Amino acid sequence: QAQNKVNLGVAIPAATHSFAAGLVYWANEAKKELEKDPAIKVTIKTASGAPEQANQLQDLVTATKIDSLVILPFESAALTRPVQQVKAKGVYVTVVDRGLTDTSAQDAYVSGDNTAFGKVPAEYLAKFLNGKGNIVALRGIPTTIDNERMDAFTAVMKNHPGIKILDAKHGNWNRDDAFKVMQDFLTRFKEIDAVWAADDDMAFGVLRAIEQAKRKDIKIVFGGAGAKSMVKTLMDGSNPLIQANVSYSPKFLYEAIKMTALARKKGEKLPASTIVPSVLITKQNAKDFYFPDSPF
Amino acid sequence: MPPERTEPIAAAPPSASPRWRLPSFGPLLGLVLLCVVGTWLNSEFATLPNALNVLTRTAFIGIIAVGMCFVIISGGIDLSVGSMAALIAGVTILLMNKLVPLGWPPVALVVVGMATAVLLGALFGLAHGLLITRGRIEPFIVTLGTLGIFRAYLTYFADGGALALDNDLADAYGPVYYGSLLGVPIPVWVFALVAIGGALLLNRTAYGRYVQAIGSNEQVARYAAVDVDRTKVLTYTLLGVCVGIATLLYVPRLGSASPTTGLLWELEAIAAVIVGGTALRGGAGSIGGTVIGAILLSVISNILNLTSIISVYLNAAVQGFVIIAVAFMQRRRP
Amino acid sequence: MPPERTEPIAAAPPSASPRWRLPSFGPLLGLVLLCVVGTWLNSEFATLPNALNVLTRTAFIGIIAVGMCFVIISGGIDLSVGSMAALIAGVTILLMNKLVPLGWPPVALVVVGMATAVLLGALFGLAHGLLITRGRIEPFIVTLGTLGIFRAYLTYFADGGALALDNDLADAYGPVYYGSLLGVPIPVWVFALVAIGGALLLNRTAYGRYVQAIGSNEQVARYAAVDVDRTKVLTYTLLGVCVGIATLLYVPRLGSASPTTGLLWELEAIAAVIVGGTALRGGAGSIGGTVIGAILLSVISNILNLTSIISVYLNAAVQGFVIIAVAFMQRRRP
Amino acid sequence: MNGVRVELHGIVKRFGPVQVLHGVDLAFEPGRIVGLLGENGAGKSTLMKILAGYEAPSEGDVLVNARLVRFDGPRAAEAEGIVLIHQEFNLAEDLTVAQNIFLGHEKRRGWWLDDTAMRATARTVLDEVGLHKVNPDTRVRDLIVAERQLVEIAKALSRHARVLIMDEPTATLTPSETGRLFELMARLKAEGVTVVFISHKLDEVERVTDEVVVMRDGRVVAREPTAAITRAQMANLMVGRELADLYPPRHAVSADAPVLLSVQGLCVPGWAEDVSFEVRAGEVFGFAGLVGAGRTELFEGLLGLRERSARAVEIDGRAVRPRSPREAADAGLTYLSEDRKGRGLHVRFGLRENLTLMALQRHANPWLKPASEAAALEQAVRDFGIRTGSLTVPAGSLSGGNQQKLALAKVLHPGPRVVVLDEPTRGVDIGAKREIYALIRRLADEGRAVVVISSELMELIGLCHRVAVMRAGRLQATLSAEHLNEQELIAHATGTH
Ligand SMILES: Nc1ncnc2c1ncn2[C@@H]1O[C@H](COP(=O)(O)OP(=O)(O)OP(=O)(O)O)[C@@H](O)[C@H]1O
Ligand SMILES: Nc1ncnc2c1ncn2[C@@H]1O[C@H](COP(=O)(O)OP(=O)(O)OP(=O)(O)O)[C@@H](O)[C@H]1O
Ligand SMILES: O[C@@H]1[C@@H](O)[C@H](O)OC[C@H]1O
Ligand SMILES: [Mg+2]
Ligand SMILES: [Mg+2]
């Protein structure tokens, strides 16, 4: 079988919070492993904005002369054209997580499941509360994925008229912002049964705010994405408020890079779409989602 | 010419005594109005716990803003404070965690950590001051540079993720943020002390006088044998110390530091100073105004969190409108 | 008057005439050094395609920086340009998408969109100018306020997500960013035109002289019968137009606008101006320096993209060090 | 108190390629008042800045009591008792009067500033210079020019100088303030202080000094006991040739000359009340008054720079209501401010940029024509006798008097029909003064209306067809040429008529 040389570029958002740090970590893991093979070269670029990522794509093509690209677009719509340009130059493109608005610009798509990211906690909480209770929600940075998650969450809750979403505000996937928002939720609502913090970083801030206010009405805090420390808490059962989580591991990037590199080396194609499901994490399966070396 | 004819020179138009100048009217009025609106929108707003929450979370920015007020009055600027806070938090956490195996009592480690925070702040501020005076580089550029440098190093140390404080340490350190004295949270006390200290320093010491003189007219200050370079270095160092103090209060809150820690604090701190009535061009300003400015900015987002009358997407717009409106109330005379 | 009293005027020393001041030496030297390093690190750096790539992507910030240069020289500041660009992009996209059902040829829609972008920019700039002059509010506060307002409204229009340009329109609009003329990409042409126009305006028109006069000493300018308010309003409007032009080039590139569009562009644009040797306090400055400053900032990240010798976490640190180093080379004389 | 003897030996000063002092030797004995005279740009201020530690000499030595000293700044000179009162003010505008007086010399009690003591001392020195009603807590920003000058003097007094250098302290003062200052100088002299007095007002020099030193082109050309020399001789020594009559002959204004400026019932709240006057083409109209009479503010109000109201204002026959100097200039009126540094010139700009700023359109088509601007500058340098080493220096590096000439050239550049000159000869040497008088006369003869606000009564008397006297914001009297004399003017100005 033909053994091609592979010059692969990886373009991902910069490590501005834990999840993104996980991406960087997994990308470097994949690079380490793949580059044991002298025929494979991996170049990783991180961007702190859509235009910067578009610039990096140009530079990867023009100067680094990549033949394959794995990209987690900073933003779906904004990167669609730049990726199209890359593909037009004959580069094989795998898109991860945030799909392009025009799928013809990609060769393969490996994704997390943002709908499940909102649906799984909604269903869990509905069941946990027996269809009755008050929930407050903390959303991420205003983005398409945040919208997908929120929509999935509220869609489930429509079926549970006894559950009331008191309010949902943006905690921006940030511990500090989540802390403040939660403090004010606690001031404002005297009866809260459950909190959905759509990211574990935010769940962290929420827990601190609850602790400080010494509030006993809240029975559960549901985070998201399966951050290392939260999975650990779950495993140890060390915080009664943390009972479940939903997986959304940055490790899918690692899979995507490896799959792409190996397939390219063999001259094969990837399946057009691979979905890495988001599943419920509980004390039972927690250890499968625990990666102590990753920053996430 | 007959000197006995001299008319006494008429007094200049009544001018407010600047020595203990009250925080100017505009921001105070703005704050009061805002509080009225807040109470009207949600009765929980006017409760003591909420007030203490707001004051406590204002403490970080407020303390930094006090230091920033000096820098701005001296005619300078510091864009790096948010990144500096993040790096100080990160290094402090790393260090404390590293010292755990020594088996010292946690409280001792916490004290070491707190001292480190202040020391680091002072060192970073000193570096700014020296680059600006000896290096003769614009403050804007120096601190734009270190803005990137500080945050990059934190990200590097944290491997892009979060640096979390060891659990036992976090427990020992917690009271510094969560504890109270006479019913008032520790950060509020510290904020008050820093503000009072700042006001005394600015208005009652030669150093404070020199800061104002330099900002008003550097050449005049130089001619008056004010040691301009030394005063500036001190001013940036002082701001660094304020950042250190803010950080040592911040660390116990979440017990962690990440690349998003302190993001945009520089803008908030500068905004607090300017909303508080200090002019960006320097020369004069008030610590009282700065404190009110900082509180005012927190209160806006507190009110937004306590209500849902407006799309969450528009929060920033409301803040923008309020800031402009407050500034309009205290606008300069023609 | 008796001319015989006049002393002969000594031959003018090699003059520091500010009219056609060359971009000062520091940034230029910095840029050249950086290019040498770049070539040495990666031979692809010094190729024409790479150079054109860099210039093309500098165009947005560069064009905004030209407008910003006027505002800073006049003694003002505009923090809102990034948010303004985002909102303009969003509204333009919304409008163009809305017009699709009319069945006009895509090119016509694109022209409408481009005109809208410039017009909106001018309107926003005008609003800033009026708030600052008539409203007598500090530019820092006005534009800090609109920074929040613009971005909030974009987020609102985009429902928190992204606004994407209709596909057919995107195809029709694409050439504005991706097309070339005589081998040079359109955005580079536009950038060059804006820069040349800006330089002429600043150095060769009465308006440009007034801008410098106001920044140097507003009071003196007012007494010298300069229409200070009008000039300022014009200056902010001009910056708005520059933002509009930058945006109309930006839209075809990424074909979308979202709450993160244009984030921190204000800092980049101001940095380009200041790195280019214009003082933040106003009064004098150079468009040439600004252009070099903008290119220099892009080149740093280009070089970082072309090499992997440094942890990605430290990119921002490298940028910080380079900025400070460049500033050091052109530091003020004591 | 024991005095000090200071000596300057072979002082040379160069600014880049331009040499402005050529080996000056000079000694000052304690307990004497020495007048330092010289044309604008002769090097007086530069020499004194060297003596007081503000500038370092390029060559030469400074000796105090026969001891060689090297000042690394004004503070070092102050330690030797040498204090300079600047020609251009040296005050931080955001600070208060008391804060400025003690800047760098704060009184302390332990760590803290002793503001009470400083305010009290400030009060005393302010009283000494006659600023009885100025509160030490007033910000300098809120003071008028003459008050700032007096604060500068008060500040110097508080330093207990043994050598006190006054660089044109009376340029903005009216006769009564000047008289008080002279009493003060006499007292200091009696205490053994050396006073160096720089002034272009030769009558004052004659009145107050013991001897005069005359400089020309960076050299000392004469030193004489004041009693041994006449004013005319002083002038001749400065200029290097005979000076004819100071004031050009007055031509009568014809009764049917059009009224170019008509002001009816102008009020500037807090400053001027119900002021009405008319100025005809060809007329020079003066404004006299004490410091604080409101003359400056009256015209700032007229220009729209202050809140004001008026029944009617006509410029060049058209009813106008200027809201800014721009609109006034469009209507044909320009104004020269008394505050050269704060309102008159862009000190960091070049001479050319300053000169053409008020009439830039004339040099644009629409592009600015540098050649045309340069030609205008050469013309102005010739017409106004601006002395400068080079045409490309920033305006701030001109000597004080030459800055004044540039400022004057600037407001006349647009060719206004009506021109208001506030202290037009402030800091200008006697030779140049004569030329400015001739210029004012020529402007009038060309059919313009000229308003001159001046603290120098002789100037108003010598120059004007009519003089209006203001007191406490009101027009007290308007005297025509035949009734003009000092006693009359002072009587109206002080309200003792
Ligand atoms: N910083 C400077 N740079 C260049 N030239 C200077 C500078 N300062 C003074 N000069 C020049 O030195 C000469 C002497 O100036 P100086 O101010 O001493 O004159 P002066 O005798 O005080 O005049 P005036 O009566 O107008 O105040 C002038 O030609 C002036 O332009
Ligand atoms: N009617 C008034 N009542 C009280 N104070 C007055 C009045 N008019 C003027 N003043 C005082 O006089 C000062 C204003 O002086 P102004 O500049 O108007 O005087 P001027 O006539 O222009 O004098 P000059 O130009 O000679 O300094 C202010 O300090 C002001 O407080
Ligand atoms: O950064 C985001 C992460 O925090 C969230 O949980 O999932 C999506 C990511 O892009
Ligand atoms: Mg002088
Ligand atoms: Mg006056």
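Here is the naming used below: chain letters follow the sequence lines, and residue numbers restart at 1 for every chain. Remember, it's a predicted structure, so these values are computed and weren't measured experimentally. The basis for the numbers below is simple: all heavy atoms, side chains too, and nothing from hydrogens, waters or symmetry mates.
Between the side chain of C/Arg204 and the main chain of D/Leu368, a donor-acceptor pair closer than 3.5 Å is present. Without hydrogens or angle criteria, D/His346 side chain to C/Val220 main chain gives no donor-acceptor distance under 3.5 Å. Under a 3.5 Å cut-off, the side chain of D/Arg326 and the backbone N or O of C/Asp227 do not form any donor-acceptor pair.
When every heavy atom of D/Leu357 is checked against every heavy atom of C/Ala224, the shortest pair comes out as CD2-CB, 3.7 Å. Across C/Ser216 and D/Arg348, no two heavy atoms sit closer than the pair O-NH2, 3.8 Å. Of all the heavy atoms in C/Tyr223 and D/Ser337, the pair that sits closest is CD2-CB, 4.1 Å.
Within a 6.0 Å sphere centred on CZ of D/Arg441, other residues, nucleotides and ligands contribute more than 12 heavy atoms. Residue D/Arg14 places its CZ atom among more than 12 non-hydrogen atoms of other residues, nucleotides or ligands, all under 6.0 Å distant.
With a 4.5 Å cut-off on non-hydrogen atoms, D/Ala329 touches chain C through its side chain but not through its backbone. In this structure, the portion of D/Thr356 lying under 4.5 Å from any heavy atom of chain C is its side chain and not its backbone. Contacts between D/Glu300 and chain C at a heavy-atom distance below 4.5 Å involve the side chain alone, from C-beta outward. Interface remark: D/Lys341 contributes backbone atoms only to the contact with chain C (heavy atom separation under 4.5 Å). The part of D/Leu345 that comes within reach of chain C is its backbone (N, CA, C, O), which places non-hydrogen atoms under 4.5 angstrom from that chain.
Checked for salt-bridge contact, D/Glu373 and C/Arg209 meet the test: a charged N lies under 4.0 Å from a carboxylate O.
The CH2 atom of D/Trp367 lies 10.5 Å from the CG atom of C/Asn203; values are rounded to the nearest 0.5 Å.
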